[in-house]
Amino acid sequence: MQKRLIQGCLLFAVFANLWYSPVHSDPILGSKHDFTGLNTRAGVEAMSGLAFSDYGSSCIYCHLPDDKKDENTSEAGGVPGWNRLTPATDSYELYDSLMLDNKVRTPSPISLLCLSCHDGTMAVDMTIFQPNGWNSSEDAALHMAINESNDLTSCGKCHDGRAAHNIAVKQIGTELANDHPISIEYAGLNHKDPDFWPTESPNGFDNGVKLYDGKIECATCHNVHDPDVALLLRADTDRLCETCHIK
Ligand code: HEC
Ligand code: HEC
Ligand code: HEC
Ligand code: HEC
Ligand code: HEC
């Protein structure tokens with residue numbers, strides 16, 4: 001009896017650890033990018049087994065599982081380094097202007113990660129790997145994308161501003177010409193451009209605004225791991241722009 005109790009306690013401890021430790025170590029849980037237990041959190045049974053597959057781990061929707069970290073996923077059509085299929089990159093129209101010094105045609109992998117959900121073309125649960133032990137019989141009935149369309153492959157089916165909050169504003173689309181330029185070399189790096197501040201550290205700026213291989217990416221301005229600032233921004237909107245732009 002006592003042995004059983006102890007076993008029970010141990011089991012509980014293991015479970016408690018499994019369930020609760022990520023909450024403290026990673027703030028993704030409970031944020032907009034946590035696609036586990038979304039139904040219960042949002043209080044809607046309607047999404048259960050319908051809108052997207054609940055893989056039970058919030059990390060897996062972006063990160064490769066630990067045992068697959070070194071795998072070359074390009075052959076599977078993956079975004080290098082991430083657990084996402086690559087969206088059709090030839091459809092992107094990136095920011096361009098006569099004034100722009102640094103031009104690119106294709107977003108870098110770390111921005112493709114974001115676009116694989118936010119361009120609205122691919123389902124949110126379209127990962128390359130599922131977690132070990134995940135049962136494919138739990139696969140969602142429908143695989144929906146961040147798209148405002150009123151159809152069975154779009155979250156917009158419910159997220160139309162009536163049945164649920166409107167999702168249209170989260171759909172960046174593939175025409176990125178109206179958005180801030182991304183995947184460009186930061187113009188302030190070599191102190192060559194007088195309109196931009198030099199960087200304060202090898203990776204960017206002391207307030208957290210971060211460059212990736214010297215480039216501006218979605219994650220330069222947004223930190224999906226820090227839901228404390230509105231819209232996951234790395235700095236408040238008024239200070240964000242002047243981190244780099246001098247005028
Ligand atoms: C929406 C996509 C997304 C989800 C979900 C996500 N991450 Fe991340 N993660 C990122 C991005 C993007 C970076 C790179 C951020 C950076 O350079 O600051 C990152 C970086 C990291 C890093 C490296 C930190 C560093 O300083 O370089 C760790 C560790 C990490 N994530 C763990 C996790 C864990 C654990 C989970 C699940 C609880 C998780 N992530 C969920 C996108 C995600
Ligand atoms: C697996 C799909 C997925 C990936 C990958 C992803 N997002 Fe999201 N993101 C979402 C969803 C879903 C929402 C919430 C939509 C809603 O609530 O209407 C969201 C919300 C957001 C928001 C708004 C947050 C708020 O508080 O309203 C921002 C900003 C954002 N994402 C940026 C990013 C960035 C930057 C990346 C890449 C580092 C990224 N996302 C990667 C699915 C994704
Ligand atoms: C069957 C209808 C339905 C579908 C389909 C659906 N949702 Fe929802 N969702 C809801 C309702 C209802 C709520 C709660 C009210 C609200 O937040 O607007 C909700 C809430 C949410 C929330 C907020 C959770 C929170 O804790 O704040 C997110 C994020 C979300 N849904 C994402 C999605 C994404 C991404 C898709 C598509 C992959 C999707 N939903 C598909 C009905 C649906
Ligand atoms: C130069 C900084 C910067 C870059 C780079 C950037 N964003 Fe943003 N993003 C912002 C700011 C500021 C806002 C809020 C104001 C606005 O809507 O324009 C925002 C808003 C958003 C929102 C939320 C829209 C809403 O109102 O709820 C999403 C989603 C988002 N960005 C995703 C992305 C993705 C994906 C990328 C890369 C393709 C990206 N961002 C690149 C600064 C940036
Ligand atoms: C990480 C540094 C950084 C941040 C933060 C940043 N920018 Fe930029 N921005 C740049 C760079 C670099 C360019 C492109 C300069 C070039 O190569 O000509 C640029 C270009 C632009 C352009 C296009 C100008 C042109 O030459 O056509 C606009 C508009 C702009 N930024 C507005 C903003 C706003 C608004 C914000 C705040 C929401 C912001 N930026 C935040 C670095 C940044």
Inset, instruction - Give me the ring orientation class for His63 and His225: parallel if the planes are under 30° apart, tilted from 30 to 60°, perpendicular past 60°. - result: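 Answer is tilted, since the angle falls between 30° and 60°.
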Legend entry - Ring geometry between His118 and His33 (parallel below 30°, tilted from 30 to 60°, perpendicular above 60°):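 Plane angle over 60°, so perpendicular.
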Are [X] and [Y] packed together at the side-chain level, in the sense that at least one heavy-atom pair is separated by less than 4.5 angstrom?
{"X": "His180", "Y": "Thr220", "answer": "no"}
{"X": "Cys221", "Y": "Leu240", "answer": "yes"}
{"X": "Thr106", "Y": "Tyr92", "answer": "no"}
{"X": "Asn132", "Y": "Pro65", "answer": "no"}
{"X": "Tyr55", "Y": "Thr36", "answer": "no"}
{"X": "Val79", "Y": "Leu85", "answer": "no"}
{"X": "Ile28", "Y": "Cys59", "answer": "no"}

Value rounded to 0.5 Å, distance of [atom1] in [X] from [atom2] in [Y]:
{"X": "Thr199", "Y": "Phe205", "atom1": "OG1", "atom2": "CZ", "value": "6.0 Å"}
{"X": "Glu185", "Y": "Asp193", "atom1": "CD", "atom2": "CG", "value": "12.5 Å"}
{"X": "Leu232", "Y": "Lys32", "atom1": "CG", "atom2": "NZ", "value": "9.5 Å"}
{"X": "Leu38", "Y": "Asp54", "atom1": "CG", "atom2": "CG", "value": "8.5 Å"}
{"X": "Lys69", "Y": "Leu64", "atom1": "NZ", "atom2": "CG", "value": "6.0 Å"}
{"X": "Asp139", "Y": "Ser53", "atom1": "CG", "atom2": "OG", "value": "4.0 Å"}

Quick check: does any side chain N or O of [X] sit under 3.5 Å from a backbone N or O of [Y], one acting as donor and the other as acceptor?
{"X": "His159", "Y": "His165", "answer": "yes"}
{"X": "His222", "Y": "Leu231", "answer": "yes"}
{"X": "Ser111", "Y": "Glu217", "answer": "no"}
{"X": "Lys210", "Y": "Ala219", "answer": "no"}
{"X": "Arg41", "Y": "Ser31", "answer": "yes"}
{"X": "Asp236", "Y": "Asp238", "answer": "no"}
{"X": "Trp197", "Y": "Glu242", "answer": "yes"}
{"X": "Asn83", "Y": "Ile128", "answer": "yes"}

Identify the heavy atoms of [X] and [Y] that sit nearest to each other, and give their distance.
{"X": "Ser183", "Y": "Pro107", "answer": "OG-CA, 3.3 Å"}
{"X": "Arg84", "Y": "Ser116", "answer": "NE-OG, 2.8 Å"}
{"X": "Gly37", "Y": "Thr40", "answer": "O-OG1, 3.0 Å"}
{"X": "Pro87", "Y": "Asp119", "answer": "CB-OD2, 3.6 Å"}
{"X": "Cys244", "Y": "Val209", "answer": "SG-CG1, 4.5 Å"}
{"X": "Leu29", "Y": "Ser58", "answer": "CD2-OG, 3.3 Å"}

Inset, instruction - Take Leu112 and Thr86, measure what side chain to side chain contact (heavy atoms under 4.5 Å, CB included) needs, and give me the verdict at the end. - result: CA-CA 7 Å; Leu112 283 175; Thr86 312; 4.1 Å; yes
Legend entry - Lys/Arg-Asp/Glu bridge criterion (N-O < 4.0 Å) met for Asp213, Lys215: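 Salt bridge between Asp213 and Lys215, a charged N being under 4.0 Å from a carboxylate O: no.
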Within one Ile-Leu-Val-Met-Phe-Trp-Tyr cluster: [X] and [Y], side-chain cutoff 4.5 Å:
{"X": "Ile60", "Y": "Met126", "result": "no"}
{"X": "Tyr61", "Y": "Met47", "result": "yes"}
{"X": "Met122", "Y": "Leu113", "result": "no"}
{"X": "Ile184", "Y": "Phe196", "result": "yes"}
{"X": "Leu115", "Y": "Tyr212", "result": "yes"}

Identify every side-chain donor-acceptor pair in residues 167-174 under 3.5 Å, counting partners at least two apart or on other chains, and give the distances.
from: Gln171; atom 1: OE1; to: Glu148; atom 2: N; distance (Å): 3.1

Inset, instruction - List the steps and the verdict of side chain to side chain contact (heavy atoms under 4.5 Å, CB included) for Asn150 and Lys157. - result: CA-CA 4 Å; Asn150 176 15; Lys157 183 79 192 158; 3.2 Å; yes
Legend entry - Glu175 CD: over 12 foreign heavy atoms closer than 6.0 Å: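 Counting neighbours around CD of Glu175, 12 or fewer heavy atoms of other residues, nucleotides or ligands fall under 6.0 Å, so no.
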Legend entry - Check: Ser154/Asp151 side-chain N/O donor and acceptor closer than 3.5 Å: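 A donor-acceptor contact under 3.5 Å links the two side chains.
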Legend entry - Check: Phe52 ring centre within less than 6.0 Å of His143 ring centre: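 No, they do not, as the ring centres are separated by 6.0 Å or more.
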